[in-house]
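Notes follow once the structure below has been shown.
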Amino acid sequence: NAVKIARAATGRPGVVVFDHAYHGRTMMTLAMTAKEVPYRAGFGPFPGEVHRAPYAYPLRWPGGAEHCAEEALAELEALLRRVGPDTVAAIVVEPLQGEGGFVVPAPGFLAGVQRMARRHGIVLVADEVQAGMGRTGTMFASEQEGIVPDLVCTAKALGGGLPLAAVTGRAELMEAVAPGGLGGTYAGNPVACAAALGVLEMLRDGGLLERARLIERTVRARLEPLAAQVPAIAEVRGRGAMMALEFVRPGTLEPDAELARAVAARCHAEGVVALVCGSFGNVVRLLPPLVIPDDLLDEGLGVLADAIRGACGGAA
Ligand SMILES: *Cc1c(COP(=O)(O)O)cnc(C)c1O
């Protein structure tokens, strides 16, 4: 729907997305999603006019983390020049990538993306489906990048477990779509909307945002010393209650998906759900509920630490 709104508002066809992006499973969002297996494989052809630029992924940036934002922005600029910036309706970006590996963009990258979008009259869409609704310690992950997107997509936590998704934006963009142009059989389901109002009420007093930031401090205090001892952990990263560990072959940046799977399997065996993500399948992500009690978080982190030590064998 964000793409439809941006196209209606600009009269332009193009959509720019990024490497490692996940935007969903409909045909249009599959065209925008980066990962082939299991999401895209066998389902093509996909809608056209989707262009992909590198995401400012500091750990894996060829020129090094310190040049990451600047060089990624130069690549985006080059892409826009190539396709013609006045053919692009929207730039769609996750302010902190989810399925792609909980990638926190290099500082300044998203502010640069916003400047470029504004300069060329392109609608900036933040996909906050996974990172939004308090997960990263602010209502929206975009806030921590100092950007104000033109359209924001939310879902997942928005409905507090009931199925609901939303596109929010300024009236002059939203009203570019004729009445009846958006909608659907299940759109605006009243029970799911009531649940979302409850979620917003709970988020409003700020207690849950503070909780998410506390979860980050607890996770870092526990996992950063461990990462310093375990050479297979390349990075502990994320924000708020959206934290992850990236696994590599020690001494290299070669992704170790097998180790990530082994760690997650050991956690599952002990009753802790940790999910693997990342374009290379080598990232273990933690998505604890914002309401998790301290003792349960501690216990879960203990299970994770043991799983890492066990899966690394002698190396840990
Ligand atoms: C979950 C998610 C979506 C929606 O994905 P579906 O699988 O289509 O429900 C969109 N964007 C992001 C960033 C997500 O994490």
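Just so it is clear, the model here is predicted, and its values are computed rather than measured. Each ligand, and each atom within it, is numbered from 1 in the order the structure gives. Quick note: numbers below take in every heavy atom, side chains included, and nothing from hydrogens, waters or symmetry partners.
Every atom of ligand 1 with a heavy atom of D127 under 4.0 Å away is listed here by number and element: 10 (C), 11 (N), 12 (C), 13 (C). The distance from ligand 1 to the heavy atoms of Q130 drops below 4.0 Å at these ligand atoms: 15 (O).
Counting protein heavy atoms only, atom 7 (O) of ligand 1 is closest to Y22 OH, 2.6 Å.
Checking R25 against Y22 by side-chain atom types alone, a donor-acceptor pair falls below 3.5 Å. Checked by atom type, the side-chain pair Q114/E145 shows no donor-acceptor distance below 3.5 Å. Neither side chain, T33 nor H23, offers a donor N or O lying under 3.5 Å from an acceptor on the other.
The aromatic ring centroids of F18 and F109 lie less than 6.0 Å from each other.
Judged by the shortest distance from any of its heavy atoms, G24 lies inside the 4.0 Å radius around the atoms of ligand 1.
With a 4.0 Å cut-off on non-hydrogen atoms, E94 touches ligand 1 through its side chain and not its backbone. Residue contacts with ligand 1 for Q97 are absent, since no atom lies close enough (heavy atoms, distance under 4.0 Å).
Taking the charged nitrogens against the carboxylate oxygens, R12 and D86 have no contact shorter than 4.0 Å, which rules out a salt bridge.
When the shell of 6.0 Å around CE of M27 is examined, it contains more than 12 heavy atoms from other residues, nucleotides or ligands.
Less than 4.0 angstrom separates atom 15 (O) of ligand 1 from at least one non-hydrogen atom of the protein.
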